[in-house]
Amino acid sequence: MAAASGALALAGVVAGSGTADASPGQTACSQWRSGLGQICVTEDANGYNAQFSSTMYGKVDFNLIINTSQHVGDKGAFNVVSGKPYTYYFATGRQHDAALCLYSRDGQFSQMCTSILFG
């Protein structure tokens, strides 16, 4: 699993839902999941910004899935608390396609993924 450059940080609240077939600046989001929250990914010329609006407490991990099958990890699992938004920037450059997945690292839920953004 390749590491992406970036840092886990608090960010503003994620708003709206996105679409597939995106070009730079467009966003794709997962469906809102009660008790968990929602993830979104926004593409720009240099990579992808991952966002998680949490309504849960637990340990999670972002992965960017690029070119259908390559998993790009963040800096590992991190603890989340309800009501806090989290972001991570994947400095991968634009890819042919990309989707963001969030994995529970303490067994609370099955993976949550966005639709695919096509570059």
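Nearest heavy atom pair, residue Gly73 against residue Asn63, reads CA-ND2, 4.0 Å. Taking both residues in full, the closest heavy atoms of Met112 and Ile39 are given as O-CD1, 3.2 Å, listed atom of the first, atom of the second, then distance. The minimum heavy-atom distance between Phe62 and Thr87, with the atom names listed, is CE1-C, 4.2 Å. Among all heavy-atom pairs drawn from Ala28 and Leu117, the shortest one is CB-CD2, 3.5 Å. Nearest heavy-atom pair, Leu100 versus Cys40, reported as atom, atom and distance to 0.1 Å: CD2-O, 3.3 Å. Closest of all the heavy-atom pairs between Tyr57 and Ser82 is CE1-CB, 3.5 Å.
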Full working for side chain to side chain contact (heavy atoms under 4.5 Å, CB included) between Tyr88 and Asn49 | CA-CA 6 Å; Tyr88 185 85; Asn49 188 43; over 6 Å; no
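Checking Asp74 against Tyr86 by side-chain atom types alone, no donor-acceptor pair falls below 3.5 Å.
Within the 3.5 Å criterion, the main-chain N or O of His96 finds a donor-acceptor partner in the side chain of Asn67. With Asp97 contributing its side chain and Thr68 its backbone, the two residues share a donor-acceptor pair below 3.5 Å.
Other residues, nucleotides and ligands contribute only 12 or fewer heavy atoms inside 6.0 Å of the CD atom of Gln31.
Using a 4.0 Å cut-off between a side-chain N of Lys or Arg and a carboxylate O of Asp or Glu, Asp61 and Arg105 qualify as a salt bridge.
No side-chain heavy atom of Arg33 sits less than 4.5 Å from a side-chain heavy atom of Gln38.
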